[in-house]
Amino acid sequence: MDLVLEAADRHLLTPYVYPAGWPEGEPCRQLLSLFVITNLGALALYLLFGTLSYYFIFDHELKKHPQFLEVGAPCWPLTHGGVPSPSSCWSGVFLSMLSFLFFTDMGIYWIHRGLHHKLFYKRFHKPHHLWKIATPFASHAFHPVDGFMQSLPYHVYPFLFPLHKVTYLGLYIFVNVWTISIHDGDYRVPRLLRHVINGSAHHTDHHLYFDYNYGQYFTLWDKIGGSYKSPTSFEGKGPHDYLRKLREK
């Protein structure tokens, strides 16, 4: 991340984003640099992996589903992340990765569920639910406030727990790729993990049936919160099954 910041500062941010005379420790300079890099980085990841997923993984047969909606220009969240601190050893790095995933999964579950409350849904979260049959490009199509709220656990974690900066950068990439993957219409999950991993099949039912499967990576908090729904695709009642019945008619 230091190399990324240094290169961006030399070739992009100075003097186009902030004056060349600003010292490196200037809080406004740090906020602006992190804002630009994280948002441009997320945009690049979204376009790269979203395009690859759309052309090589997403089943284009789903575009024939009556609830399919083309994706327009997505909205981008306003985020500011903390500067992660180093961890001491490889075992610590591995444990911090697991801790990060479980912590953020818990945080996103409750924030996501809260965004479905009638006070917030129509204004902030409904734009993302316009897509009942999602594509990889729908993954980052959300209201800026929605994106900001659901990104908070990722940026809160480094302030509470040790996390190596390179691990943080890797997880940042993983999070964006995962978000694309649960919108790609590929419902394949190892049978033993079908009710553990919150994959594309689970998230498709979230878009279709609204009140279920709020989790990001795992089904744990949906089961604790009483919002877990076994994916219809695993029971022969999913979008592909619906299209097959239409063809048979």
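Quick note: residue numbers are just sequence positions, from 1.
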Exercise for the section: Find out whether V189 and P231 are in side-chain contact, i.e. whether some heavy atom of one side chain is under 4.5 Å from a heavy atom of the other. Expected result: no

Exercise for the section: Say whether L171 and F161 are linked into one hydrophobic cluster, either directly or through other cluster members, by side-chain heavy-atom distances under 4.5 angstrom. Expected result: yes

Completion exercise
Output for pair (T135 OG1, I180 CD1), nearest 0.5 Å, gives 10.0 Å

Exercise for the section: For Y228, look at atom OH and say whether over 12 heavy atoms of other residues, nucleotides or ligands are found less than 6.0 Å away. Expected result: yes

Handout entry: E235 and S230, any side-chain heavy atoms less than 4.5 Å apart
Key = yes

Practice task
Flag yes if V175 and I197 sit in one hydrophobic cluster, no otherwise; membership is Ile, Leu, Val, Met, Phe, Trp, Tyr, and two members link when side-chain heavy atoms are under 4.5 Å apart.
Solution key: yes

Problem - Test log, rule ring pair (Phe, Tyr, Trp, His ring centres under 6.0 Å), inputs H128 and H207 - result: CA-CA 9 Å; H128 183 63; H207 277 256; 4.8 Å; yes

Problem - Sidechain-backbone polar pair: D222 side chain, Y214 backbone, donor-acceptor under 3.5 Å - result: yes

Completion exercise
Per ring-ring contact (aromatic ring centres under 6.0 Å, His included), H202 is matched among Y209, Y212, F234 by F234

Completion exercise
Applied to residues 176-188, the salt bridge (charged side-chain N to carboxylate O under 4.0 Å, His left out) test, sequence neighbours excluded, yields D186-R188

Handout entry: Contacts of T167 that satisfy side-chain hydrogen bond (donor to acceptor under 3.5 Å, both in side chains) - sequence neighbours left out
Key = none

Problem - Partners meeting ring-ring contact (aromatic ring centres under 6.0 Å, His included) with F174 (sequence neighbours left out) - result: W178

Handout entry: Check: N198 side chain, T219 main-chain N or O, donor-acceptor pair, under 3.5 Å
Key = no

Exercise for the section: Identify, with sequence neighbours excluded, every residue that meets side-chain hydrogen bond (donor to acceptor under 3.5 Å, both in side chains) alongside T51. Expected result: none

Completion exercise
F124 meets the ring-ring contact (aromatic ring centres under 6.0 Å, His included) criterion, sequence neighbours left out, with H143

Practice task
Would you kindly say whether H155 and Y168 are connected by a side-chain donor-acceptor distance under 3.5 Å?
Solution key: yes

Fill in the blank from the handout: Across all chains, not counting sequence neighbours, the side-chain hydrogen bond (donor to acceptor under 3.5 Å, both in side chains) partners of R244 are D241

Problem - Spacing of F218 atom CZ and L193 atom CG [to the nearest 0.5 Å] - result: 10.0 Å

Handout entry: Selection residues 107-118 - residue pairs positive for salt bridge (charged side-chain N to carboxylate O under 4.0 Å, His left out), sequence neighbours left out
Key = none

Exercise for the section: Not counting sequence neighbours, which residues clear salt bridge (Lys or Arg N to Asp or Glu O under 4.0 Å) with K229? List them please. Expected result: D205

Fill in the blank from the handout: Sorted by chain and number, sequence neighbours left out, side chain to side chain contact (heavy atoms under 4.5 Å, CB included) with L160 holds for F103, V156

Problem - Criterion side chain to side chain contact (heavy atoms under 4.5 Å, CB included) on Y187 and H240, from CA distance to verdict - result: CA-CA 10 Å; Y187 308 138; H240 287 91; 3.2 Å; yes

Problem - Qualifying residues under side-chain hydrogen bond (donor to acceptor under 3.5 Å, both in side chains), relative to H116, sequence neighbours excluded - result: H112, H125, H129, H206

Handout entry: Co-membership, hydrophobic cluster, residues I57 and V177, 4.5 Å side-chain
Key = no

Practice task
First locate atom CG of L208, then atom OH of Y242, and finally report the distance between them rounded to the nearest 0.5 Å.
Solution key: 11.0 Å

Completion exercise
Rounded to the nearest 0.5 Å, the OH atom of Y157 sits from the CG atom of L163 at a distance of 6.0 Å

Fill in the blank from the handout: Interatomic distance, CE@M106 vs CG@L101, rounded to 0.5 Å, equals 13.0 Å

Handout entry: K237, NZ: over 12 other non-hydrogen atoms inside 6.0 angstrom
Key = no

Completion exercise
To the nearest 0.5 Å, atom CG of L220 lies from atom OH of Y109 at 10.0 Å

Handout entry: Transitive ILVMFWY side-chain link L95 to V93, under 4.5 Å
Key = no

Handout entry: Side chains of T104 and Y217 in contact at under 4.5 Å (non-hydrogen atoms)
Key = yes

Practice task
Look at the side-chain heavy atoms of Ile, Leu, Val, Met, Phe, Trp and Tyr, link any pair under 4.5 Å apart, and say whether F102 and I182 land in one connected group.
Solution key: yes

Handout entry: G114 backbone acceptor or donor facing H117 side chain under 3.5 Å
Key = no

Practice task
Identify the heavy atoms of L115 and M149 that sit nearest to each other, and give their distance.
Solution key: CD1-CB, 4.5 Å

Fill in the blank from the handout: Minimal heavy-atom distance between S233 and P239, with the atoms involved, is OG-CD, 3.8 Å

Fill in the blank from the handout: ring-ring contact (aromatic ring centres under 6.0 Å, His included) filter on Y154, not counting sequence neighbours, yields F100

Problem - Hydrophobic cluster partners of F210 (side-chain heavy atoms under 4.5 Å) - result: Y121

